[in-house]
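Values reported hereafter were calculated over all heavy atoms of this structure, with side chains retained and with hydrogens, waters and symmetry mates removed. Just so we're clear, the structure is a prediction, and the values are computed from it rather than from any experiment. Note that ligands are numbered from 1 as they come in the structure, with each ligand's atoms numbered from 1 the same way.
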Amino acid sequence: MQKQVTIIGSGIVGAVTAFYLSADPTLNVTIYDEGIGQATKNSAGIISPWLSKRRNQRWYELAKAGAALYPEIVQTVQMGYSVYQQAGTIVTRHDPTDLDALYKLATQRRQAAPQIGEIEKLTATEVQERIPLLTAPEPGVFISGGARVDGDKFAHNLLKYAEKRNLVRHKGKVTLGDQGQLLTQHGQQAYDTLILAVGAWLKPLLLPMGIVADVRPQKGQLIELQLPESWGDDVPVLMPEGERDFIPFTRSKLVVGATHENDMGYDLQESALVEDDLFASGVKLDSRLTKDQISQVKVGTRAYTRDFAPFFGPLPDNPHILVASGLGSSGLTTGPMIGKLLADYVQTGQQTDWDRYQLPISTYLDDAD
Ligand SMILES: Cc1cc2nc3c(=O)[nH]c(=O)nc-3n(C[C@H](O)[C@H](O)[C@H](O)COP(=O)(O)OP(=O)(O)OC[C@H]3O[C@@H](n4cnc5c(N)ncnc54)[C@H](O)[C@@H]3O)c2cc1C
């Protein structure tokens, strides 16, 4: 008998989970998505966790593992450079001492993370040679393993791939009953396993079950520019000190972002002030940018927890309902590993090594009373 696995949310977590589950012909997989405010669709797309200053070792293990999964997923689904490309990242520092420290950190971290790839210390001129768009380059450290991904296209390709196997997709918002009943616009739907990959919306979704998830929404905005010139596929991503990130996508699309706006709830309004601020940051790097080159302002809602760490797995009192949330500003990086672990759990019931990647899930879930 086929098992019914229903996923709510088709961002990176839902899409990667569906991708891995699509290899199992004994499963019927269904995804529902409301399609509003999705972080994945509106993200900047940097995959480069290795030089992060974050001290949370579990987050680092998860991010490292997620970044390492991209090449094999991309190859299986045959995605092109406009979706994912390991063109490298350059992290700049004004101060030569800081630059040396960063280079040392990269070299140390490569011992346990060969995915970092080649590491080079670059002068400002060399940085400009790698990213010709820059008019005010600074010295930096280049790592060849860094990548950029178009989150929207990546998730879309995974879902298309899974649809050819065992996935059925529905658009629309779902709610839960007090016992975890799945309520859709076509009535209550049965499931064997329910996966709530709903990002910033986990808290309202779980409340009817008397569970309070430690998840807060954070607004993020970025600008996308279409430039008159085009460049090759191998231009690295720039993570400049003190400015917004600068992501040259194939072949004339430039992304500058992103903001981290707390206390804005689920607001999805574009803000002219923020657009100006993002543009000003872009102009500091490439003084030739003009405002009429802005083709889009994107707004998404990230989920974050009190310790900024993601969490995932079965609810403590209901092993048939799995949740994943709190991926914050690095969810494109951690998301693939979380999706893989959730799919493994559906198939094996095992949580092998999960404590390497997260605190117990009960840390982030409370009773409503
Ligand atoms: C501006 C911005 C820039 C970013 N840049 C980067 C970056 O450079 N690198 C990086 O690693 N990460 C980045 N991130 C973070 C990353 O995008 C997110 O952490 C990640 O995409 C979250 O994925 P998710 O699957 O958990 O949630 P989401 O992608 O938000 O998907 C959740 C989906 O669930 C749906 N949903 C919610 N409730 C319901 C319901 N009741 N019924 C039906 N559907 C529902 C939503 O509509 C949504 O489509 C960025 C995020 C933003 C906003």
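When hydrogens are left out, the protein atom nearest atom 3 (C) of ligand 1 is Ala44 N, 3.3 Å; that is the closest non-hydrogen contact. In this structure, the protein non-hydrogen atom closest to atom 39 (C) of ligand 1 is Val198 CG1, 3.9 Å.
Each ring-ring contact (aromatic ring centres under 6.0 Å, His included) pair with one or both residues in residues 256-278, not counting sequence neighbours, appears once here: Trp201-Tyr266. For residues 134-185, every residue pair satisfying the ring-ring contact (aromatic ring centres under 6.0 Å, His included) rule, not counting sequence neighbours, is listed here: Phe19-Tyr161, Tyr32-His170, Tyr70-Phe154.
By the 3.5 Å distance cut-off applied to N or O atoms, Ile12 is counted among the residues near ligand 1. Residue-to-ligand polar distances keep Gly14 apart from ligand 1: every N/O pair is separated by 3.5 Å or more. The shortest N or O to N or O distance between Asp33 and ligand 1 is below 3.5 Å.
With a 4.0 Å heavy-atom cut-off, ligand 1 is reached by the side chain of Ala258 but not by its N, CA, C or O. With a 4.0 Å cut-off on non-hydrogen atoms, Ala15 does not touch ligand 1 at all. No part of Ala324 comes within 4.0 Å of ligand 1, judged by heavy-atom distances.
Between the side chains of Trp59 and Ser52, no donor-acceptor pair is found at a separation under 3.5 Å.
Close approach to Gly11 involves these atoms of ligand 1, each under 4.0 Å from a residue heavy atom: 25 (O), 29 (O), 31 (O).
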